[in-house]
Engineer: 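Structure in structure tokens, see below.
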There are 2 protein chains.
Amino acid sequence: MIECQIEVFLNIFTVDDDKIKILLLKKEGSSTWHLPSRLLKIDESLESSATKICNKFQLKADMLKECHTFSEVNRNKERRTIAVSYMLMINKYSLKNYEFEYQLFDINNIPKMAFDHGSIIAQAVACLKKELLNLNNLKVFFPADFTFPELQKVYEEVLNENIDRRNFRKKFLPFVYETGEKNELPSGGRPAKLYRFLDKDLERNLFNVIK
Amino acid sequence: MIECQIEVFLNIFTVDDDKIKILLLKKEGSSTWHLPSRLLKIDESLESSATKICNKFQLKADMLKECHTFSEVNRNKERRTIAVSYMLMINKYSLKNYEFEYQLFDINNIPKMAFDHGSIIAQAVACLKKELLNLNNLKVFFPADFTFPELQKVYEEVLNENIDRRNFRKKFLPFVYETGEKNELPSGGRPAKLYRFLDKDLERNLFNVIK
DNA sequence: ACTCCTTTGCGTTATTCTTACACAACTATT
DNA sequence: AATAGTTGTGTAAGAATAACGCAAAGGAGT
């Protein structure tokens, strides 16, 4: 029997401007950034606590995934605190209630974080990259019209290697359809066609890797 | 700030008699089986607590993997109890201190378990199967001489499908070498050659699946 | 209009991997 | 010696992958 507090952290990931981003919060008066979090109450489970964070942003909590627990004895000097970290993949359009103190950050450009939030994010990012190898999860990031170059950039970041543009297209073609529309803001270069994912369920790894 | 107890569970998996097995404990006077476990103390982390369970069996704790937390409010009626589940893959020869009240069970034939230990095992087994797709993890189960039929049986259970014997062999041949010895107890049929894994590191998925 | 530059779309080829088999080799049993 | 059960080896068709060349569509500058 121990007396402690249990923190629940939520890593909210999305794709914005061709980059994988995470939602962070700057608390008033603090110089560092924070992950959205909540203290577990005696009458709730970790999952329901994480769900309440989702509710705050009006996000569906049905794809919540537990990442890791952080329990080093001294991670909080004042009192024994154990943290459980969750992640959620969303598309950026589903982010409501997105107030001024919240901001999306490129996962490769995380600002100075409070306490050990930086390592919690690092762990969650590793977890995210595994999940994104499953096409069913990747779909969450691209619910509406997307172009092949956009999709490829995310995959290249996940796999951490460059992929041939033409071979990449061939791999994904069986799972998408053209909308007929084209990209609007090319800033030079040929406009890209817009695609959407088909509804088929796909439990297949398109790239033969395990991470 | 809540007062609760935190349980650490350890799912110890091994391969024995061509089956994936888990180490369970029957406590004196109890009619049900238990997972090896430990209550978290105020001055230790979850990892170090799980390591202490490993020590009891003289098992190296360097491959401990966190599986899941179980935090339903009523999972223990008497007091608020949160469980964190770990898993460890070992080869059966490394199991010392293996006393009479402990027993290995086929993961497809789990006995009647105490409390929610059954669902903790189910979750850990799912976790294990993912891990075994990584050949580096599979090696732990087959440290010494093994035959192709033995290896294949484990893979068929993980993938939950039958694999062609000859194609399976071709896939794994680049990663093993013959010892020159042959299987001793064939009970009829041609004796199988014995193999060992090469030392190469392999972060590749030999079967194109995500689970 | 024309050229240059950039980006996207499409196709071709050689190579590798996968799949589905047939058949021989080895052992124990009868 | 014949049979049954199991393992080892080969081969050929088909699919997937990797490495390219090149055309098409737009913007910017002249």
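Below, read A as the first sequence line, B as the second, and so on, with proteins coming before strands; counting in each chain starts at 1.
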Engineer: Whole-Å distance between C/dG11 P and A/L173 CG?
Structural biologist: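 Rounded to whole Å, this separation is 10 Å.
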Engineer: Is atom CZ of B/F115 surrounded by more than 12 heavy atoms (other residues, nucleotides or ligands) closer than 6.0 Å?
Structural biologist: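 It does not: B/F115 CZ has 12 such atoms or fewer within range.
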Engineer: Check the distance between C/dT18's P and B/F168's CZ and give it to me in whole angstrom.
Structural biologist: 13 Å
Engineer: Given atom CD of B/E181 and atom C1' of D/dT7, what is their separation to the nearest angstrom?
Structural biologist: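 Nearest whole value for this atom pair: 17 Å.
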Engineer: In whole angstrom, give the distance that lies between atom NZ of B/K171 and atom P of D/dA16.
Structural biologist: 13 Å
Engineer: Please state whether the base of D/dT6 and the side chain of B/R190 form at least one donor-acceptor pair under 3.5 Å?
Structural biologist: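 Under the 3.5 Å cut-off, the side chain and the base do not form any donor-acceptor pair.
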Engineer: Roughly how many Å is it from CZ in B/R165 to C1' in C/dA24, rounded to a whole number?
Structural biologist: 11 Å
Engineer: Output, in order, the C-alpha distance, side-chain angles, deciding distance and verdict of side-chain hydrogen bond (donor to acceptor under 3.5 Å, both in side chains) for A/S49 and A/R38.
Structural biologist: CA-CA 7 Å; A/S49 183; A/R38 203 164 177 285; 3.3 Å; yes
Engineer: Identify, between A/K182 and B/E178, the residue whose nearest nucleotide on DNA chain D lies closer to the 5' end.
Structural biologist: B/E178
Engineer: Can you give the donor-acceptor pairs under 3.5 Å from side chains of residues 19-29 of chain A to other protein atoms, not counting sequence neighbours?
Structural biologist:
unit_1, atom_1, unit_2, atom_2, d
A/K19, NZ, A/D17, O, 3.4
A/K19, NZ, A/D17, OD2, 3.3
A/K21, NZ, A/D16, OD2, 3.0

Engineer: D/dA19 P sits how many Å from A/E161 CD, rounded?
Structural biologist: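 Whole-Å distance recorded here is 10 Å.
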Engineer: Can you tell me which nucleotide in C/dC26, D/dC20, C/dT19 comes closest to the side chain of B/N167?
Structural biologist: C/dT19
Engineer: Please check the phosphate of D/dT9 (OP1 and OP2 only) for any side-chain N or O of B/K193 closer than 4.0 Å.
Structural biologist: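 For D/dT9, OP1/OP2 do have a side-chain N/O of B/K193 under 4.0 Å.
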Engineer: Indicate, yes or no, whether a donor-acceptor pair under 3.5 Å links the base of C/dA22 to the side chain of B/R166.
Structural biologist: yes
Engineer: Write down the distance between CG (B/D164) and C1' (D/dA12), rounded to a whole number of angstrom.
Structural biologist: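 Rounded to whole Å, this separation is 14 Å.
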Engineer: Between B/T32 and B/S30, is a side-chain hydrogen bond (donor to acceptor under 3.5 Å, both in side chains) present by the stated rule, with each step listed?
Structural biologist: CA-CA 6 Å; B/T32 53; B/S30 169; 3.3 Å; yes
Engineer: Separation of B/N162 atom CG from C/dT19 atom P, in whole Å?
Structural biologist: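 Nearest whole value for this atom pair: 14 Å.
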Engineer: Using a cut-off of strictly less than 4.0 Å, decide whether B/K170 has a side-chain nitrogen or oxygen near OP1 or OP2 of D/dT11.
Structural biologist: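 Answer no for this pair, as no side-chain N or O of B/K170 is under 4.0 Å from OP1 or OP2.
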Engineer: B/E157 and B/N108: side-chain hydrogen bond (donor to acceptor under 3.5 Å, both in side chains), yes or no, with the steps?
Structural biologist: CA-CA 10 Å; B/E157 186 169 340; B/N108 296 310; 2.9 Å; yes
